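Input: a single structure, listed below in structure tokens.
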Amino acid sequence: MDKITFPKDFTWGAACASYQVEGAVGEDSRGETIWDRYSHIRDGRIYNLEDGDTACDFYHRYPEDIGLMKELNIHSLRYSIAWSRIFPEGKGSVNQKGIDFYRKLTETLLENGIKPCATLYHWDLPQALQDLGGWCNRDMAGYYGEYAETMFRALGDLVPEWITINETYIHTRNGYYLGLHAPGLRDFSASLLAGHNLMRAHGEGVKRYRAMNSGGKIGISNNYGTAYPLTGSKEDQAAAARQEGWRRRWFTDPLFGKGYPQDMAEWYKSQGVTLPKIHDGDMELISEPMDFLGVNYYHPDYMYYDPKFWPNQSSSKLTGLPYTECNWEIEPRGLYDLLTFLDRDYNHPVIKITENGSAWRDYINREGKIADDNRIDYLYRHLLACRKAIDDGVKLNAYYAWSLTDNIEWSEATSLRFGLIYLDYATQKRIIKESGRWYGNLCRTNSFDMV
Ligand code: FCB
């Protein structure tokens, strides 16, 4: 059987995020986060009135999860740090117990031969900072900078790779514009302002990291979903271009020193959007050179002209492709196209896929197994797309599966299972899925069978 093999030093990882897995929300002086506040409103905004109070209890059970990672030969864990465990009030005095937890976790990874990749911000903002306006407050970039520097000092000797911010687009779209995620706002102009400050925070992080000369690497993780026009009509083509303009270019061009895309700025002005005020030095800060671009990809967007959807006037539709439990269509060419567009438009950056995966209605079968062939199929097809992109010159050097275990999928909570490892929430029992075994084999051999 032919094998698909990856470059020698390719990193095979798995990813998770603090709020989604840790639980222990009231322990060791952790401060309240916007997700605690949001999930405790209990008006139906979260699936089944659930919350992340216990989640996967990773706070206590991480040694077991790391043991399973070792069993699967997974090279690296991308995890995130809960800002409110370090600064319960978002700023001010440091909570040593928070630092101790992440040091212990990181040391345990290293003892098991697993490379740590730490994300500084994966959406769980301290509530105390939301009370000051959250990401709409310009001062946030400075508070973030202090927090980031504290973590570089605390873990810099152990962590070789850092991610500043997770998904500016999804965080600001769902949290500030569509009201689907914490903090639950519905204001497009506010979402662009929050995005501007998140990108400034990213720049602060990169700048402070560089100043410390610690020799590791730092980048950002962005969420992309390659936009295609639903039909060949001019209107749909323009709608797809606007989606690409918002989701990809608005949150990526500035990072690479290209500023905000002018066509989108004009469009937003024509729609009555208030654009973020750019202060002297902002764009330089945002474009502090980073070491890699993290790419989170799940599905493409097939766009049509939709005058009802303000201000972008473009919406997406399913086209008949197979889709996952999230109603996300499976289209690996979206990943290939995305990787090659990023390579072309941003001068061949080093790219890491920091999330990719699929949710399915997994269940334990009569043999006690989770026979999730659909997830293996998804992985297989997307990894072929990665291999092809590498063949065509994309500097892709890592792939992190989302996710290590099933976890709290934000507002969908336990209803969407993305893990390579199944979680029985009632007992906290973990079971490696068949996809986990398949992925483990890939991690061990750096290759998979072509079928
Ligand atoms: C991404 C998030 C991640 C997870 C996956 C499914 O947008 O970064 O936390 O929810 O989607």
Side-chain angles (χ1 to χ4, degrees), residues 13-23 33-35 38-39 45-47 50-52 55-56 58 77-83 117-125 163-178 180-182 191 195 198 202 219-226 246-248 251-252 293-301 316 323-330 334-335 338 352-362 372 374-375 378-379 382 399-421 423 435:
C16 66
S18 43
Y19 182 75
Q20 295 182 275
V21 298
E22 283 179 4
T33 71
I34 56 173
W35 273 95
Y38 188 77
S39 63
R45 61 186 68 203
I46 310 278
Y47 165 79
E50 292 177 354
D51 55 49
C56 311
F58 181 80
L77 179 68
R78 174 184 173 224
Y79 57 100
S80 80
I81 295 163
W83 185 336
C117 170
T119 301
L120 287 160
Y121 181 68
H122 200 128
W123 304 355
D124 45 357
L125 190 73
I163 290 167
T164 51
I165 301 284
N166 184 67
E167 299 187 349
T168 311
Y169 165 78
I170 296 287
H171 191 38
T172 57
R173 169 188 181 268
N174 288 0
Y176 286 78
Y177 167 42
L178 296 181
L180 297 171
H181 280 177
S191 81
L198 276 156
H202 155 79
I220 193 169
S221 285
N222 272 350
N223 178 295
Y224 300 110
T226 320
W246 176 36
R247 185 171 190 159
R248 174 162 75 92
F251 298 108
T252 316
L293 175 64
V295 169
N296 297 355
Y297 171 86
Y298 290 91
H299 62 95
D301 295 319
S316 65
Y323 54 88
T324 71
E325 270 302 294
C326 309
N327 292 345
W328 293 348
E329 287 191 319
I330 301 171
L335 179 56
L338 168 66
K352 295 179 192 297
I353 293 185
T354 43
E355 284 181 30
N356 176 238
S358 58
W360 299 99
R361 201 164 284 210
D362 299 317
D372 54 339
N374 30 25
R375 185 171 287 104
Y378 182 98
L379 284 167
H382 287 81
Y399 176 96
Y400 287 81
W402 184 271
S403 181
L404 178 63
T405 62
D406 295 335
N407 57 49
I408 299 297
E409 179 48 32
W410 308 109
S411 299
E412 314 305 329
T414 60
S415 70
L416 291 176
R417 294 181 176 275
F418 274 93
L420 297 171
I421 298 172
L423 216 113
S435 61

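As the structure lists them, so they are numbered: ligands from 1, and atoms in each ligand from 1. On a predicted model such as this, the values are computed, not experimentally measured, just so you know.
No salt bridge links Glu325 with Arg417; every basic N to acidic carboxylate O contact stays at or beyond 4.0 Å.
Checking His202 against Thr164 by side-chain atom types alone, a donor-acceptor pair falls below 3.5 Å. At a cut-off of 3.5 Å, with distance as the only test, no side-chain donor of Arg45 or Ser411 sits close to an acceptor on the other residue.
Those atoms of ligand 1 with a heavy atom of Trp402 less than 4.0 angstrom away are 3 (C), 4 (C), 5 (C), 6 (C), 9 (O). Listed by number with element, the atoms of ligand 1 under 4.0 angstrom from any heavy atom of Phe418 are 6 (C). For ligand 1, the atoms sitting less than 4.0 Å from at least one non-hydrogen atom of His122 are 2 (C), 3 (C), 8 (O), 9 (O), numbered in the order shown with element in parentheses. Listed by number with element, the atoms of ligand 1 under 4.0 Å from a non-hydrogen atom of Trp410 are 3 (C), 4 (C), 9 (O), 10 (O). Heavy-atom proximity to Asn166, at under 4.0 Å, picks out these atoms of ligand 1: 8 (O).
Under 4.0 angstrom from ligand 1, the non-hydrogen atoms of Asn223 all belong to its side chain.
Considering backbone and side-chain N/O atoms, Glu355 comes within less than 3.5 Å of an N/O atom of ligand 1.
Of the options Trp402, Tyr298, Tyr378, a side-chain hydrogen bond (donor to acceptor under 3.5 Å, both in side chains) to Asn356 is made by Tyr378 and by none of the others.
Listed here is the closest heavy atom pair of Glu409 and Gln20: OE1-NE2, 3.4 Å.
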